[in-house]
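Keep in mind that this is a model prediction, so the values were computed, not measured. Naming: A, B, ... by sequence-line order, numbering from 1 per chain.
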There are 2 protein chains.
Amino acid sequence: MAQKNTLRFVILGLLSKEDLSGYDMKKRFEGEIGDFWYSNHSQIYPELRKMEEAGLVKPQTQIVGQKMEKKSYHMTDAGREALLEWLQKPLGALLPSRDEFAMKLYLIDDPADPEARRLFQEEIIRHEEKLAYLKTRWTVLFASEEDQSHHFGHAAVLLHAIQRETQHLRWVKKTLRSLPNSAE
Amino acid sequence: MAQKNTLRFVILGLLSKEDLSGYDMKKRFEGEIGDFWYSNHSQIYPELRKMEEAGLVKPQTQIVGQKMEKKSYHMTDAGREALLEWLQKPLGALLPSRDEFAMKLYLIDDPADPEARRLFQEEIIRHEEKLAYLKTRWTVLFASEEDQSHHFGHAAVLLHAIQRETQHLRWVKKTLRSLPNSAE
DNA sequence: TAAACCATGTAACCCGTTACATGATTAT
DNA sequence: ATAATCATGTAACGGGTTACATGGTTTA
């Protein structure tokens with residue numbers, strides 16, 4: 001044994017809301033779900049096969065256009081049961097985080113090191129892009145109060161992501177300003 | 001090719017501060033470095049071998065007690081060069097984050113669902129433990145202003161981790177309080 | 001008609017976890 | 001004595017990334 005196969009339950013979670021094809025799931029992961037889960041299609045398709053064999057999902061093939069096949073998966077009762085069990089299972093320990101930015105920063109002992117400045121600027125760009133994307137999603141999805149209350153979890157998670165990115169950027173910018181002006 | 005072997009550069013980074021054995025590195029990862037990087041000894045030892053073959057590090061065997069061997073690794077010039085190159089290389093794209101708590105929360109559409117309450121309580125416990133640990137480390141390591149200025153990166157990263165955990169807990173607790181009192 | 005996108009798969013490889021394995025040293 | 005810790009390794013396996021591979025459909 002080596003890992004947990006959380007992807008299986010993530011897929012069940014997505015299917016609990018609507019029937020989806022593997023391709024659709026990939027698109028979800030590329031969207032705002034990507035803020036807390038992600039998977040490549042090369043991992044999704046084989047997993048769907050295994051889930052089908054295990055009786056957790058059932059594909060319904062439909063034809064798009066003239067002949068292109070699209071398999072939409074539907075959750076079985078066994079699938080729903082497995083999902084509920086997973087939801088009730090306690091969260092494991094906090095995963096070890098691996099943060100390249102923090103690692104590099106840790107290695108810089110001298111705030112006057114020009115590398116520090118460059119590193120911070122990179123970090124700002126990366127996270128400003130992400131924050132902008134999240135904010136767009138918020139306005140698109142939850143323009144009205146009503147939408148928020150009907151998708152409690154989704155709204156909560158998205159709002160939290162926005163706050164986290166905002167906070168992170170504030171810290172990065174503040175720390176950058178506190179660096180000595182090495183090149184002036 | 002499939003991944004990046006960041007561990008190699010993390011190890012070089014640790015060695016840039018002091019000579020260490022594989023065992024020592026593991027201890028570092030179990031300490032506050034664990035907040036931004038982690039690795040098991042079963043990954044560290046083979047990597048050190050490969051790095052030795054690549055001429056990036058050199059072991060110096062010393063004897064502890066009567067016969068127990070301890071290999072302390074020292075960075076070679078080639079190793080230092082490789083580290084500098086890595087430090088200057090731009091950060092890659094933001095890694096896909098996989099957050100089981102957020103995933104589960106996303107699946108809960110109804111704030112009155114009793115699962116929501118339980119989930120938040122679990123999350124609070126996990127992160128309060130972590131925050132307490134980080135705060136202890138701060139007082140131990142950076143009691144004086146002078147310590148902070150001599151280890152700029154380390155202090156910045158640790159302080160940031162404390163802020164992040166504090167912020168996260170504040171959000172979790174606030175959201176928990178906003179849940180309808182389903183069982184009262 | 002060409003580019004962008006839809007749609008599904010497989011293969012190779014590396015990363016990381018868990019478990020197996022062994023033995024010495026230090027602290028209680 | 002014995003338990004905790006020091007210290008170093010290997011093996012098996014699952015998770016995840018990148019690349020290879022193919023073909024249909026829609027849009028400009």
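Among the heavy atoms of the strands, none lies under 4.0 Å from K26(A). Residue contacts shown for S21(A) are limited to sugar-phosphate atoms, with no base heavy atom under 4.0 Å away. R8(B) comes within contact range of no nucleotide atom at all, as no heavy-atom separation falls under 4.0 Å.
Residue-to-nucleotide proximity on DNA chain D shows that, of Q66(A) and T6(A), the 5′-proximal contact is made by T6(A). The nearest heavy atom of DNA chain D to Q3(A) and to S72(B) marks one nucleotide each, and the one closer to the 5' end goes with S72(B).
Reading DNA chain C from its 5' end, the first and the last nucleotide to sit under 4.0 Å from a heavy atom of chain A are dC6(C) to dT18(C).
Listed for the S39(B) side chain is no donor-acceptor partner under 3.5 Å among the backbone atoms of I44(B). Proximity of a side-chain donor or acceptor of R117(A) to a complementary backbone N or O of P180(A) within less than 3.5 Å is detected. For the pair S21(B) (side chain) and K71(B) (backbone), a donor-acceptor distance under 3.5 Å is absent.
Under a 4.0 Å N-O distance rule, the pair R118(A)/E122(A) qualifies as a salt bridge.
More than 12 heavy atoms of other residues, nucleotides or ligands lie within 6.0 Å of CD in E30(B), so this atom counts as buried by the packing criterion.
One interatomic measurement links the two molecules: OH of Y73(B) to P of dA7(D), which rounds to 14 Å at whole-angstrom precision.
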Got a list of protein N/O to nucleotides 3-6 of chain D N/O distances below 3.5 Å?
| residue | atom | partner | partner atom | Å |
| --- | --- | --- | --- | --- |
| dC6(D) | OP2 | Y23(B) | OH | 2.6 |
| dC6(D) | OP2 | K27(B) | NZ | 3.3 |
| dC6(D) | O5' | Y23(B) | OH | 3.1 |

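Screening residues 138-151 of chain B for salt bridge (charged side-chain N to carboxylate O under 4.0 Å, His left out), with sequence neighbours left out, gives no hits.
No side-chain N or O of Q167(A) forms a donor-acceptor pair with one of R164(A) less than 3.5 Å apart.
Closest non-hydrogen pair, K104(A) versus K89(B), comes out as NZ-O, 2.7 Å.
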